[in-house]
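What follows is one structure encoded as structure tokens, with my remarks underneath.
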Amino acid sequence: MSELTGGCACGAVRYRLRSGPMFVNCCHCSDCQRQVGSAFVINAIIEEDRIELQSGEIAPTTMPTDSGRPHDVYRCAACGTTLWSDYGRRPFRFVRATTLDDRAALKPDAHIFTRSKLPWVQLPDDQPAFDVFYDLESQWTPEARARRRAALGKPRSAGRP
Ligand SMILES: [Zn+2]
Ligand SMILES: [Zn+2]
């Protein structure tokens with residue numbers, strides 16, 4: 001895999017992922033559609049300590065959710081581009097995969113919440129799709145699940161993001 005570097009629209013924020021993600025969700029839920037103003041969002045799930053912020057300042061925003069689960073979105077403080085988010089204060093980030101310099105570098109591993117998919121979006125045959133969500137044990141690779149377990153076992157870093 002080539003270097004996974006990315007940044008915001010104004011160029012102030014630059015980041016690098018220290019490894020590939022554990023899993024890539026393409027989410028078609030109505031919250032994501034509204035927040036990104038598009039048909040879906042592509043989220044690369046990675047441990048927070050594998051995101052290396054190289055420049056710029058990140059500003060968190062807490063988003064309202066239907067579920068009541070916290071959803072914090074992290075944006076460039078200068079231009080407001082969303083770079084990643086987290087749900088539930090766990091040691092993971094959902095990196096907006098199209099903020100990578102190579103926007104096609106990370107292919108979705110699964111399409112989720114397709115019950116609210118826009119009717120004219122056609123999903124590819126070779127990517128699994130789920131009305132709501134999937135069973136993590138059956139979709140994530142053993143390596144990804146091991147990384148997830150290892151991250152959950154670690155105490156959270158004090159500073160956020
Ligand atoms: Zn910016
Ligand atoms: Zn969503």
Side-chain angles (χ1 to χ4, degrees), residues 3-17 20-48 50-124 127-140 144 148 151-152 159-161:
E3 272 259 290
L4 294 172
T5 54
C8 67
C10 80
V13 170
R14 293 291 305 162
Y15 70 85
R16 187 178 81 91
L17 303 184
M22 293 178 281
F23 201 83
V24 180
N25 281 334
C26 188
C27 188
H28 300 259
C29 86
S30 53
D31 280 349
C32 287
Q33 287 167 342
R34 184 173 300 278
Q35 287 168 19
V36 302
S38 189
F40 52 79
V41 66
I42 309 172
N43 280 327
I45 308 171
I46 192 166
E47 299 89 331
E48 61 183 346
R50 294 195 189 197
I51 302 175
E52 184 184 318
L53 186 64
Q54 297 173 311
S55 68
E57 199 186 319
I58 300 286
T61 310
T62 299
M63 306 300 289
T65 59
D66 287 339
S67 64
R69 268 169 98 199
H71 182 204
D72 289 334
V73 168
Y74 298 87
R75 305 175 193 278
C76 167
C79 73
T81 300
T82 300
L83 295 149
W84 46 79
S85 65
D86 73 27
Y87 295 85
R89 312 275 187 274
R90 291 180 306 182
F92 305 115
R93 292 283 188 265
F94 288 61
V95 175
R96 302 294 186 260
T98 46
T99 63
L100 288 166
D101 297 327
D102 177 0
R103 293 183 311 281
L106 301 177
K107 210 172 123 181
D109 293 307
H111 291 260
I112 58 174
F113 288 96
T114 59
R115 67 182 180 189
S116 47
K117 174 179 81 60
L118 297 186
W120 38 262
V121 169
Q122 304 267 341
L123 298 183
Q127 296 174 11
F130 301 88
D131 266 3
V132 180
F133 203 66
Y134 49 77
D135 172 38
L136 199 129
E137 296 295 315
S138 65
Q139 294 301 313
W140 285 36
R148 182 173 175 275
L152 287 171
R160 298 174 54 222

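All ligand and atom numbering here is 1-based and tracks the order in the structure. Values below: all heavy atoms of this structure, side chains included; hydrogens, waters and symmetry mates excluded.
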Tell me whether the Zn ion (ligand 2) has His28 as a neighbour, meaning an N, O or S atom of it below 2.8 Å.
no
With rounding to the nearest 0.5 angstrom, report the CD1 to CZ distance, Ile45 to Arg148.
9.0 Å
What does the angle at the Zn ion (ligand 2) come to, between atom SG of Cys32 and atom SG of Cys29, rounded to 10°?
110°
Side-chain contact, heavy-atom cut-off 4.5 Å: Val95 with Pro21?
no
Any chance the rings of Phe113 and His28 have centres within less than 6.0 Å?
no
For Met22 and Trp140, work out which heavy atoms get closest and say how close.
CB-CZ3, 3.8 Å
Angle in degrees, rounded to 10°, that SG of Cys79 and SG of Cys8 form at the Zn ion (ligand 1):
110°
